[in-house]
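What follows is a single structure, written as C-alpha cells, with notes after it.
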Amino acid sequence: MIFNNVNFDTYLKNYPTEDGFFGKYGGSYISPELQVAMKEISHAYNTICKSRKFIDELRRIRREFQGRPTPISHLQRLSDSIGTGVQLYAKREDLNHSGAHKLNHCMGEALLAKYMGKKKVIAETGAGQHGVALATAAAYFGLECDIYMGKVDIEKQAPNVARMKILGARVVEVTEGLQTLKEAVDAAFAAYAREYKDAIYCIGSVLGPHPFPLMVRDFQSVVGIEAREQFMDMTGELPDAVVACVGGGSNAMGMFAGFLNDPVDIYGVEPLGRGTALGDHAASLKYGTEGIMHGFNSIMLKDENGEPAPVYSVASGLDYPSSGPEHAFLHDLGRVKYDVINDDETIDAFFTLSRLEGIIPAIESSHAVAYGIKLAQTMKKGSVLINLSGRGDKDMDYVIEKYGIR
Ligand SMILES: *Cc1c(COP(=O)(O)O)cnc(C)c1O
C-alpha cells in the first residue's frame with residue numbers, strides 16, 4: 001500500500017534509516033561517549049537479533065515464560081450496550097506475564113544483553129512499571145539490575161519499589177532537582193556512560209537515541225503480528241479500526257506494526273488530563289512542536305524556555321512530554337490519526353469495562369477503551385480492535401481513593 005508517497009509494503013524494513021531517522025524525526029543526539037555505546041548496541045542488534053538462534057530463543061521464552069500468545073477477547077456485552085452493531089475486541093496484553101506489554105521489549109533487551117556478554121542492565125523508571133518489567137527480565141536471565149528512580153517517585157510508588165527489590169533489583173534513589181523522572185533519566189544515562197563495558201541501558205518505550213525506537217518497536221511488534229492473525233482467524237476479516245493509547249508509544253507501535261500495510265484505520269490516543277492548558281495534559285502529538293530531548297528529535301511539549309514542559313495525566317504511564325519519533329512521523333504522514341481522551345472519560349471507561357466484561361483495565365489502557373467506545377458510537381457497522389496494554393490492579397487503590405466506587 002502506498003500512502004502519501006511512502007510504500008508500506010516495505011515500510012518496516014526501510015524505516016528507520018540506517019542512522020535512525022523516520023523522516024526528520026529520531027536520530028541520535030548524545031555525547032560522544034554514549035555514541036560509542038549506542039553504536040555497539042546497534043551493531044549487536046543488527047547481527048545477533050537477526051540470528052536464527054536469538055529468534056528461536058525469544059520465541060520459546062514468549063511461549064513458556066510470558067504466556068504468549070495473549071488472546072483477543074470479543075467484548076460482546078460492551079458492544080451490545082453501545083447498540084450501533086459495531087463489534088469491539090480487545091488484545092489482552094493485561095494477560096502477558098507481569099500484567100502489561102512492557103515485558104515484551106524488556107525480555108528482548110535482556111536477552112540481547114546476555115548474548116552481548118553484559119552482566120548488568122540499567123534503566124530509569126517513573127511510576128515503576130518499566131522498572132518492574134526490567135527487574136523481572138533481569139531475574140529470569142540472572143543479570144544484575146540497577147533502576148534509577150527519583151526520591152519523590154520512590155515514596156509515591158511503594159508497591160512497585162517493593163516488587164523490584166523482591167525481584168533482586170537495586171533501586172538507586174536520585175535526589176537531584178525535582179527528584180522525579182527527568183532527573184532519573186539523567187542519572188541512568190550518566191551511570192551507563194560510566195559502565196557501558198559491562199552493562200546495557202534498557203529504555204522503557206519507543207524513545208531515546210537510535211537504535212532504541214527501532215529495537216523496542218520490533219520487540220513489541222509481536223503484539224500486532226499475533227493480533228492480525230488471531231483477528232483473521234476469529235472473524236475471517238481485518239478489523240476496520242485499531243486503537244491504542246500513546247505515552248512514549250511502545251504498546252501502540254507494537255500493535256500498529258501489524259496493520260500499517262492494511263486498509264485499516266489506526267488511532268493513537270493521547271491523555272488530555274484535566275484540559276487543554278499547558279501543564280494539564282500530556283498530548284504531545286496534538287499540541288506539541290518539533291524539538292530534541294533525551295537524545296532524539298520528535299514532537300514535544302515545551303515550556304517558554306523551549307525545555308520539556310511539565311505534563312499531567314491521571315495515568316502515570318502516559319505523562320511524558322514527547323512521544324516516540326516514529327509516531328511523529330506517522331502523525332505528519334497522516335497514516336495514524338492521533339486524538340485525545342480526558343481523565344473523566346478514562347475513569348468512566350475503567351468502570352464500564354470492569355462491569356460489562358469482567359476486565360479491570362490499567363488507567364493507561366482505559367484511554368484506548370474510552371476512544372474505542374466513542375468510535376463505535378459514531379460508526380454504523382464494522383469492528384474495532386483495542387490494545388488493552390495492561391491490567392488495572394496497580395490502579396485500584398488510587399481510583400477508589402480519588403473517585404470512589406461508581
Ligand atoms: C507504561 C504503560 C503504557 C505507556 O507506555 P507506551 O510506551 O506508550 O506503551 C501504557 N499502558 C500500560 C499498561 C503501561 O504500563
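Since this is a predicted model, take the numbers as computed values, not measurements. Remember, it's 1-based here, ligands and their atoms both numbered in the order they're listed.
- Counting heavy atoms under 4.0 Å from ligand 1, residue A362 touches it through the side chain alone.
- Looking only at side-chain heavy atoms (C-beta outward), D262 and M1 stay at 4.5 Å or farther from each other.
- Ion pairing between a basic and an acidic side chain is recognised when a charged N comes within 4.0 Å of a carboxylate O; R391 and E93 show no such pairing.
- Side-chain contact between P321 and M293 is present, with heavy atoms from C-beta onward closer than 4.5 Å.
- Within the listing of ligand 1, atoms 10 (C) sit less than 4.0 angstrom from a heavy atom of C245.
- Of the heavy atoms in K102, only side-chain atoms (C-beta onward) come closer than 4.0 Å to ligand 1.
- Within ligand 1, counting atoms from 1 as listed, the ones closer than 4.0 Å to a heavy atom of G390 are 13 (C).
- The protein heavy-atom contact nearest to atom 12 (C) of ligand 1 is S389 OG, 3.5 Å.
- At least one side-chain heavy atom of P213 sits less than 4.5 Å from a side-chain heavy atom of P325.
- The existence of a salt bridge linking K114 and E57 is confirmed by a sub-4.0 Å separation between a basic side-chain nitrogen and an acidic carboxylate oxygen.
- The nearest protein atom to atom 4 (C) of ligand 1, hydrogens excluded, is given as G317 O, 3.3 Å; this is a heavy-atom distance.
- Under a 4.0 Å heavy-atom criterion, H101 is in contact with ligand 1.
- The contact set between ligand 1 and G247, taken as ligand atoms under 4.0 Å from a residue heavy atom, comprises 8 (O).
- For atom 6 (P) of ligand 1, the closest non-hydrogen atom of the protein is S250 N, 3.3 Å.
- The side chain to side chain donor-acceptor pair (under 3.5 Å) with N96 is formed by just one residue from the set K102, R68, H101; it is R68.
- No donor-acceptor contact under 3.5 angstrom links the side chains of N251 and Q220, judged on distance only.
- Per-residue contacts place G249 under 4.0 angstrom from the following atoms of ligand 1 (heavy atoms of the residue considered): 6 (P), 7 (O), 8 (O).
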